[in-house]
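The next block holds one structure in the form of structure tokens; read it before the comments.
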Amino acid sequence: MESINMVEELSRYNLEEKWNDYIGVQKEVLKVLRKEAFFANNDIINRKTGIHIMINAKGIKETVGAGKRFQALPKTLKKYKIATLRHLKKIIESAELIADNIENYHDVSGDTYAYLRNELIIDGEVVSIRISIRKKVTSNWFWIHNIDEKKKVPNYSTHP
């Protein structure tokens, strides 16, 4: 399982004043990813299924988008999401397929979705990541990824 350091990952971006401005976050993230040639050599193959998946700027914009995709998340989850972006290729390569060929009820284009899951260690904490892949007739594209929040369990009984 891959391990990353949140401070090190977030230091690549200038986001301190932008966390509540998802457009500003999108622009900064895309600028840095392009500068680092993140979108080059982008044919990712999931080892467990053989599915070829590409990541493009549109998928990054979608994952760092309006509403519950990014804008409405608590700051901690926003940070986790940004910290994992550069590691998406490795995460996708070793992810487990949890659902495939799921119909898109919002669009009649015929595209379907596949859903992957993987885990990663961020600052010593195991974090579960769900990845949506948009499957088109000609190719498969990374669409969005979500960080699953862990429910905190008190270390004491809540019963009398």
Side-chain angles (χ1 to χ4, degrees), residues 1-100 102 112-136 139-152:
M1 189 177 319
E2 189 167 348
S3 180
I4 63 173
N5 178 296
M6 177 113 61
V7 173
E8 181 181 316
E9 288 299 320
L10 295 179
S11 70
R12 294 172 149 42
Y13 311 99
N14 178 22
L15 296 174
E16 282 313 308
E17 303 300 320
K18 298 177 185 164
W19 288 110
N20 293 324
D21 171 18
Y22 77 95
I23 299 286
V25 171
Q26 285 177 352
K27 287 179 180 179
E28 178 66 19
V29 164
L30 287 172
K31 178 181 82 173
V32 171
L33 292 178
R34 284 183 178 120
K35 180 180 165 189
E36 295 179 352
F38 177 80
F39 300 108
N41 302 322
N42 212 4
D43 184 19
I44 305 153
I45 301 171
N46 178 268
R47 291 190 298 254
K48 296 179 181 180
T49 64
I51 296 173
H52 289 253
I53 301 161
M54 304 289 285
I55 300 175
N56 64 7
K58 186 174 182 180
I60 299 298
K61 281 184 178 179
E62 190 71 23
T63 202
V64 187
K68 65 182 180 177
R69 289 173 282 177
F70 186 81
Q71 181 185 35
L73 295 176
K75 191 172 182 179
T76 302
L77 286 181
K78 288 178 182 180
K79 287 182 175 185
Y80 278 168
K81 208 167 196 189
I82 298 300
T84 57
L85 286 175
R86 282 186 342 102
H87 301 271
L88 281 173
K89 292 177 184 181
K90 288 182 180 178
I91 293 168
I92 290 170
E93 281 177 351
S94 61
E96 172 186 346
L97 180 70
I98 55 175
D100 197 8
I102 305 301
T112 60
Y113 285 87
Y115 300 105
L116 306 172
R117 179 176 300 284
N118 206 341
E119 290 184 335
L120 163 72
I121 300 171
I122 301 176
D123 292 342
E125 181 180 344
V126 177
V127 176
S128 181
I129 300 169
R130 290 178 292 124
I131 303 155
S132 299
I133 305 300
R134 189 166 189 172
K135 297 178 74 176
K136 295 179 172 272
S139 58
N140 304 309
W141 293 92
F142 164 78
W143 192 246
I144 192 170
H145 81 298
N146 296 299
I147 309 296
D148 287 339
E149 253 183 305
K150 292 195 179 239
K151 292 190 169 56
K152 300 209 184 233

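From a predicted model like this one, the values you see are computed outputs, not experimental measurements.
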(request) Could you tell me which residues satisfy side chain to side chain contact (heavy atoms under 4.5 Å, CB included) with T49, sequence neighbours excluded, listed by chain and number? (result)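 Checked T49 against side chain to side chain contact (heavy atoms under 4.5 Å, CB included); matches are N46, I51, L97.
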
Sorted by chain and residue number, the side chain to side chain contact (heavy atoms under 4.5 Å, CB included) partners of R34 (sequence neighbours excluded) come out as L30, F39, A57

From [X] [atom1] over to [Y] [atom2], what is the distance, rounded to the nearest 0.5 angstrom?
X    : Y    : atom1 : atom2 : result
S3   : D123 : OG    : CG    : 8.0 Å
I92  : I131 : CD1   : CD1   : 5.0 Å
I144 : I133 : CD1   : CD1   : 11.0 Å
Q71  : I23  : CD    : CD1   : 8.5 Å
L120 : I147 : CG    : CD1   : 7.5 Å
L33  : I60  : CG    : CD1   : 6.0 Å

**Q.** Full working for side-chain contact (heavy atoms from CB on, under 4.5 Å) between I102 and T112
**A.** CA-CA 5 Å; I102 305 301; T112 60; 5.8 Å; no

Heavy atoms only: give me the nearest [X]-[Y] pair and the separation to one decimal.
X    : Y    : answer
V64  : Y22  : O-CD1, 3.8 Å
R134 : W143 : NH1-CH2, 3.3 Å
S128 : R117 : OG-NH1, 2.8 Å
N56  : G59  : OD1-N, 3.0 Å
L116 : A95  : CB-CB, 3.7 Å
F70  : T63  : CB-O, 3.9 Å

For [X], which residues count as a side-chain hydrogen bond (donor to acceptor under 3.5 Å, both in side chains) partner, sequence neighbours excluded?
X    : value
K18  : none
S94  : N118
D100 : K135
K79  : none

task: Give a yes or no on whether D43 atom CG has more than 12 heavy-atom contacts from other residues, nucleotides or ligands under 6.0 Å away.
output: yes

Using a 3.5 Å cut-off and no angle test, enumerate the donor-acceptor pairs between side-chain atoms of residues 82-90 and protein atoms at least two apart in sequence or in another chain.
residue: T84; atom: OG1; partner: Y80; partner atom: O; Å: 3.2
residue: T84; atom: OG1; partner: K81; partner atom: O; Å: 2.8
residue: T84; atom: OG1; partner: H145; partner atom: NE2; Å: 2.8
residue: R86; atom: NE; partner: E9; partner atom: OE1; Å: 3.0
residue: R86; atom: NH2; partner: E9; partner atom: OE2; Å: 3.0
residue: H87; atom: ND1; partner: E2; partner atom: OE2; Å: 2.6
residue: H87; atom: NE2; partner: E9; partner atom: OE2; Å: 3.0
residue: K89; atom: NZ; partner: F38; partner atom: O; Å: 2.6
residue: K89; atom: NZ; partner: A40; partner atom: O; Å: 3.2

Can you run down the salt bridge (Lys or Arg N to Asp or Glu O under 4.0 Å) pairs that involve residues 59-77, sequence neighbours left out, and say none if there aren't any?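 Applying salt bridge (Lys or Arg N to Asp or Glu O under 4.0 Å) to every pair that reaches into residues 59-77, excluding sequence neighbours, yields E62-R69.
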
Those residues at least two apart in sequence (or on a different chain) that pass salt bridge (Lys or Arg N to Asp or Glu O under 4.0 Å) with K48 are none

